[in-house]
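Worksheet for the structure shown next.
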Amino acid sequence: MAFSTIPNLQGCLPWSSSTPRSLLDVFNLAFILVYLVGLFSAVLNGENIGRNRSKNWVFLVVSLCCAFTSIAYFTAGFLQSLVIYFVRGLIWIALAVSLNIQPGRSLRIIVSLCIRLCFRHHEYQDEESESLSQSLLIDKKENKVELKKAGIFSRLAFSWLNPLLKVGKCKPLSLSDIPSLDSEDEALLAYNKFAKEWEFQKKSNSRSKNLVLFALAKCYLKEMLLVGLYALLKTISISSSPVLLYAFVSYSYREDDDLVWGLSLVVLLILTKVVESLSQRHWFFDSRRCGMRMRSALMAAIFQKQFRLSSLGRRNHSAGEIVNYIAVDAYRLGEFPWWFHMAWSLPIQFLCSVVILFSAVGSGALPGLVPLVICGALNVPFAKILQGYQTKFMVAQDERLRATSAVLNNMKIIKLQSWEEHFRKVIESLRGIEFKWLTETQEKKAFGTALYWMSPTIVSAVVFAGTTCMGSAPLDAVTIFTVLASLRAMSEPVRMLPEVLSVLIQVKVSLDRIEVFLQEDEVKEDVVKRYPLMNSELSIKIENGVFSWEPNSSIPTLKNVNLDFRRGEKISVCGAVGSGKSSLLSAILGEMSKISGSVDIYGSVAYVSQSSWIQSGTIRDNILYGKPMNKPRYEMAIRACALDNDIENFDHGDMTEIGQRGLNMSGGQKQRIQLARAVYNDANIYLLDDPFSAVDAHTGAILFHDCVMSALQDKTVILVTHQVEFLAETDRILVMDNGSVLQSGSYMEILKSGTTFEQLVHAHQSSMTAVDSVKKHEFGNQFESSVQQPLKQSSESEITAPSSIQITEDERMEIGDVGWKPHKDYLQVSRGYIHFISVILSQSAFFVFQILSTYWLAVTVEMTHIGGGLVVGVYAAMSILSCFFVYARSWISARLGLKASKEFFSAFMDSVFKAPMLFFDSTPVGRILTRASSDMSILDYDITYCISFMIAGAVEIIGITLIMSKVTWQVLLVAIPVTIFMVYVQRYYLASARELVRINGTTKAPVMNYVGETILGVVTIRAFAMTERFIQTNLQLIDTDATLFFHTIAAMEWVLVRVEALQNLTILTSALFLVLLPQGTIAPGFVGLALSYALTLSSAQVFMTRWYSGLDNYIISVERIKQFMHIEPEPPAVISDRRPPPSWPSEGSIDFQDLKVKYRATAPYVLKGITCRIVAGNKVGVVGRTGSGKTTLIGALFRLLEPAAGRILIDGLDICSIGLKDLRMKLSIIPQEPTLFRGTVRSNMDPLGLHSDQEIWEALEKCQLKATISSIPSGLDSSVNDDGENWSAGQRQLFCLGRVLLRKNKILVLDEATASIDSATDAVLQRIIRQEFTSCTVVTIAHRVPTVTDSDMVMVLSYGKLVEYEKPSVLMERSDSYFAKLVAEYWSNSKRDYSGDF
């Protein structure tokens, strides 16, 4: 039934309804026509047109009833978008007017008759009115209207949004209820337009700065011009208010009874208000819609740019910074067009006001220019100061978010090392710097607010004084209230321009940051030349290759590389840690800067990185990687990568959800999943960067033989590995050292010709000799025969419990109206009740003094015995006094906001740092970062201003209504029902708007998560040529987020256009009474007083509604942060009455007593009754298949997981009885995934600063890093990038060993600590560990059997159970020993490869 849809007009027009009702509507329309003709005829004939001057109040009461009925119909028309309701509203308002304006007796009879018929007509409407109210609550038919299909009226009144708001009134909205965006608003179109202009701007030589700004300007010039037209209409309508007021007050001085002129003024007033309302609403909506498109374009551009970033570019912009460019900088563009048009329309409004001011008082306005110029001059330094503070704030915010991101991504190692307090202090110190600039900004804004409220007051006082002294105009009601209206119109530009400048400065800073990023160094397309496979026998060819991670470095990373790889060839790459193995693969992929030479690739490429990169999603999603399902190939990939048993053991099979960064998968599982992804991809060339480092020997053998040699038998495979046992089976071996390929050839050729490879082989040989000697001694020939038998047992099922359940929890979101709870939380957490009350009192005092000053003028203007000097003096004194209160309000609001920011941030970080590890396993990092960035920014900047401005708007509306009712009390008869209607409309709107904002809060985090996740896997994505798929997914996420933003701003304008229309009825009523009341009833001074405030009523209502709605939306950030302020904490760090002795543990014995562990109360047990005793000083090896529970056991020892049953005793002390810090500080660990933090070598070796440089150098020497670091000029101050990206995986693990050497605890845990280093380095490290930790208890989890064969005891885990715990020699005596089979597997693989060589 929308007016905008032509086929649906039937039923909306009077003659389409039931016959009696239609006849009445037609009759009433005829009545209006007759009445207007009669009125026009009377004017032409010179008849006296006057009001009904009888004292019969019946007519007044009936008029008011007609006005109320008209209001009801207008409201229904806005809510339902039905033309007929507006027609009937006009009929009732015409009746109200006709009762008071009667040009002839003949028309009085018609009026009387129409009243009777209309009331009869109203009876027919009872049933329809009831159905109308029901339709607001229940929408039985789904009707999602798109904006592009809406008609003119529907567009003007935003009625195309009605179906969504009806749904929101009936039930809480969900994402599926939200209509999708029009194609013209989608991110793809926005990005394509921007990308085209961006390339043009870069190629243009006309400018070198502001390229992003000019590209956006060209893309959206038409939209910006249309929005500019709306802004111009709004500016003209606002500026005409003083002229209208001048006319009304002049009319009150009239001597003749010229009612037509008075009614004409009322009509002009209504037209002006309608134009003002509609132009402002569509200015706000279309500008934000345009900003949304700009935002989407830049978000897509930033996302796509990261795929083209070179290694240098990635070092210059961390993952946290790139996320921040999208989360903060691009998002800021959503409001930019609105603020831009404010920047030019406000000065025009200001100039118009000045012109009107001079027209009213002539030369008397000249003295007022002095304070105007002073205030304008103060704008410039004030804006520069704010710009400086804003820039420093954003730099500090970047640093804090970068550190926060690093901490959240590496929370496991932080908890294992008990570094929470240190890193929390680091983040709080960075927040302290950020908070310093935030404080400066907010307090300066408070000072600015007072300054710009004072300026109109001072100017008006000076103008009045100048007018009095110069006598340029009489100081009567006309002059005074025209001046005040002009200055009031002037006050908005004066008050808002500093804020506009501040926001534009923020936008400029954001655009500059985005521009720097978009112009960052990119991967050169000509580094690698790619050709289709065709019939070429070559797969890869490198000629005279010289490559470097630093383009300008004098020492290249790789030099003199000349290699040919033929189709189907299997090439292994080996060498010591840091020799350049991974760099060679990066050079082939085009990730390094090519100094010289050429790289040619024939065919497609698949890449498996050294540090596994897994996406959030299911196992199947990760393996398919966007390709369609091919069942045979999929099953082959799973079998070849030994994943079949794992998947069978998961409750959800291959649909098991993987947590962010694969948190709920073991290292071996993650590595095999990404290997399966490569196999399924069916590429021509496979680049495998040490894929066996995270799996046990048996699984490694399966992967090598079943995957590399069988599944990929026709493919070209380049395998970087430290597993020397596999080298003999490859076609060719490359031996690397110091960035060069020293040797290339078959196994036997290289073994005979070089020392580097010989060292690697002999290191492995010595370890195998240790195994062999034990084997020969204990088993004899029996062991030989057991090796010959094929091992029936394949890789066991993984037992990483979180994988068997869906670990990532859906983001929790409040539903429905939670009332005032979040507002109370805001005040309670910040302890700001006193501040809140003070803001109300200060604002009230400010407005009271403002009213008193103008009331003083209205009263004294007719008193000739009071001199002009006294009038102006008292007015100036009261006005200036009011400004002190507005400064107090602004300052107190700023302090409230700062206090809230500080308390919320502190409580939030406290809760996060004390959260158990399971919280981080089940919560995506992006979800936490969104709260730490955008939600915290809303607390920093927006909420306190929303509260302050909402209070200001409410106080102003109450004050204006009281003034109007003081002059014409009858206004209350309209104002009260209008207020009731407005409350209803606002509640109707908030039911949907609240949910829209909440859902929007959950659609932003996935965008950030996806960006953060993609950044970590850029190399893999580029290698697989999957960039386009990731771009498309990102565009869909951006569109989903934009859809919520779009409907949120549309809903805001929907409610504002309606409350403005309702409030305009109050203004209309007031104006009508001022015109219709007999001459002399109201003094001209009070006419000016009432109308000067009445003209600002609708804008005050919009101001209050906007900030009230904004607060209701922004307060959701308080809800979201509060959710993470009450996370169930892990046990306390220190229990003061149960602290262990300082010397504990003095021996280092560990007792596991029936230990049972589960990840959640509803999950199955992961460890199922482990009972054993580790004697003090023993070296214990923990072995088992990948995921058998080894890492979980270590987690229980460090209390990352609390035992569900049983106990762990260290030196007889139950570890669950003491604080976590007391426990973890006494344990040392080298974790499964080596972790470094951004900073220096020193800060990574000794984060707590407890050791001297000499001690650090000694530790570095022992862990084989001293030579490398000594060669760097900055030594211990050498930089470490985010996640240690500028150090190899092996070097990162050596750093972790160095930390342990510094701590010298009695208990050391090595969790697969040597998985990423070569056998030679491994042998050296094992010797160091034996020397340095002679008297310590060492628990080692390792995939290399030689690592644990010389242990005192071996612990064998399977399915979460302890199946064997005995000396290695004893276990190897048993033919059915599980450990013996593991040794046999390892030895058999090596023997098969080296039996002829050793």
Side-chain angles (χ1 to χ4, degrees), residues 410-420 659 661-670 694 798-805 807 914-923 1128-1131 1133 1150-1161 1163-1170 1172 1174 1180 1182-1210 1214-1216 1218-1221 1223-1235 1296 1300 1305 1307-1313 1337 1339-1342 1355 1357 1359-1362:
N410 299 293
M411 187 57 81
K412 184 174 182 180
I413 183 63
I414 290 173
K415 286 189 173 294
L416 287 171
Q417 302 281 7
S418 193
W419 289 339
E420 298 101 311
R661 300 181 76 178
L663 285 170
N664 57 324
M665 293 283 159
S666 71
Q669 285 171 324
K670 287 189 286 187
E798 301 277 356
I799 307 181
T800 308
S803 303
S804 63
I805 57 176
I807 187 159
K914 289 181 179 177
M917 199 60 219
L918 183 61
F919 167 76
F920 299 97
D921 290 344
S922 60
T923 306
E1128 185 69 31
E1130 60 183 359
I1150 305 173
D1151 282 318
F1152 296 99
Q1153 297 181 356
D1154 192 29
L1155 178 65
K1156 295 180 181 179
V1157 174
K1158 59 172 69 175
Y1159 279 82
R1160 286 179 182 160
Y1165 285 111
V1166 188
L1167 297 181
K1168 305 169 183 177
I1170 304 290
C1172 67
I1174 298 177
V1180 177
V1182 182
V1183 296
R1185 306 291 187 204
T1186 302
S1188 60
K1190 306 184 296 292
T1191 301
T1192 304
L1193 181 69
I1194 302 307
L1197 181 63
F1198 281 80
R1199 289 178 66 191
L1200 293 180
L1201 296 165
E1202 291 294 315
R1207 299 192 303 167
I1208 303 176
L1209 306 179
I1210 296 181
D1214 186 349
I1215 64 171
C1216 292
I1218 62 175
L1220 291 180
K1221 183 176 181 181
L1223 169 67
R1224 293 170 183 168
M1225 288 296 289
K1226 297 295 184 177
L1227 305 177
S1228 294
I1229 185 170
I1230 301 176
Q1232 186 176 15
E1233 296 182 1
T1235 302
C1296 294
V1300 179
N1305 284 325
I1307 297 176
L1308 169 65
V1309 177
L1310 291 90
D1311 187 0
E1312 300 172 340
T1337 303
V1339 180
T1340 304
I1341 296 174
M1355 182 186 298
L1357 297 178
Y1359 290 96
K1361 295 179 181 178
L1362 179 63

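Predicted, not measured: the structure shown is a model, and the values here were computed from it. Below, all heavy atoms of this structure are taken into account, side chains as well, without hydrogens, waters or symmetry copies.
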Subject >> CA sep, side-chain torsions, deciding dist, call: Glu1128, Lys914, salt bridge (Lys or Arg N to Asp or Glu O under 4.0 Å) >> reply: CA-CA 8 Å; Glu1128 185 69 31; Lys914 289 181 179 177; over 6 Å; no
Subject >> Worked check of side-chain contact (heavy atoms from CB on, under 4.5 Å) between Leu1357 and Ile1170 >> reply: CA-CA 9 Å; Leu1357 297 178; Ile1170 304 290; 3.8 Å; yes
Original post:
How many angstroms lie between atom CG of Leu1220 and atom CZ of Phe1198, to the nearest 0.5 angstrom?
Top reply: 12.0 Å
**OP:** Find the distance between CG (Leu1209) and CD1 (Ile1150) and round it off to the nearest 0.5 Å.
**Re:** 10.5 Å
Original post:
Which distance, rounded to the nearest 0.5 Å, do you find between the CG of Leu1201 and the CG of Leu918?
Top reply: 7.5 Å
Original post:
Closest approach of Val1300 and Ser1228, non-hydrogen atoms and distance?
Top reply: CG1-CB, 3.6 Å
**OP:** Could you check if a side-chain atom of Pro1131 sits within less than 4.5 angstrom of a side-chain atom of Arg1199, using non-hydrogen atoms only?
**Re:** yes
Original post:
Quick one: does Leu416's side chain get under 4.5 Å of Leu1227's, heavy atoms only?
Top reply: no
Original post:
How about Asp1151 and Ile1208: do any of their side-chain heavy atoms sit closer than 4.5 Å?
Top reply: no
**OP:** Quick one: do Leu1167 and Leu1193 satisfy side-chain contact (heavy atoms from CB on, under 4.5 Å)? Show the steps, please.
**Re:** CA-CA 7 Å; Leu1167 297 181; Leu1193 181 69; 3.9 Å; yes
**OP:** Could you please spell out the steps behind the salt bridge (Lys or Arg N to Asp or Glu O under 4.0 Å) verdict for Lys1221 and Glu1130?
**Re:** CA-CA 11 Å; Lys1221 183 176 181 181; Glu1130 60 183 359; over 6 Å; no
**OP:** Identify the two heavy atoms, one from Cys1172 and one from Leu1362, that lie closest to each other, and give their separation to 0.1 Å.
**Re:** CB-CD2, 3.8 Å
**OP:** Check whether any side-chain N or O of Arg1207 sits under 3.5 Å from a backbone N or O of Leu1155 as a donor-acceptor pair, and report yes or no.
**Re:** no
**OP:** Please report the shortest heavy-atom distance between Met1225 and Asn1305, naming the atom on each side.
**Re:** O-ND2, 3.2 Å
**OP:** Nearest 0.5 Å please: distance from the CD1 atom of Ile1174 over to the CG atom of Leu1197.
**Re:** 7.5 Å
Original post:
Are Glu420 and Arg1224 close enough that some pair of their side-chain heavy atoms sits under 4.5 Å apart?
Top reply: yes
Original post:
So do Lys415 and Leu1200 actually touch side chain to side chain, heavy atoms under 4.5 Å?
Top reply: yes
**OP:** Can you measure from CZ (Phe920) to CD1 (Ile414) and round to the nearest 0.5 angstrom?
**Re:** 8.5 Å
Subject >> Test item: Val1339 and Leu1310 side chains (from C-beta on) under 4.5 Å apart, heavy atoms >> reply: no
Subject >> Distance, nearest 0.5 Å, that separates CD1 of Ile1215 from CD of Glu1202 >> reply: 7.5 Å
**OP:** For Asp1214 and Cys1216, indicate whether the former's side chain and the latter's backbone hold a donor-acceptor pair under 3.5 Å.
**Re:** yes
**OP:** For Lys1156, enumerate each residue passing the side chain to side chain contact (heavy atoms under 4.5 Å, CB included) test, keeping only those at least two apart in sequence or located in another chain.
**Re:** Asp1154, Tyr1165, Ala1205
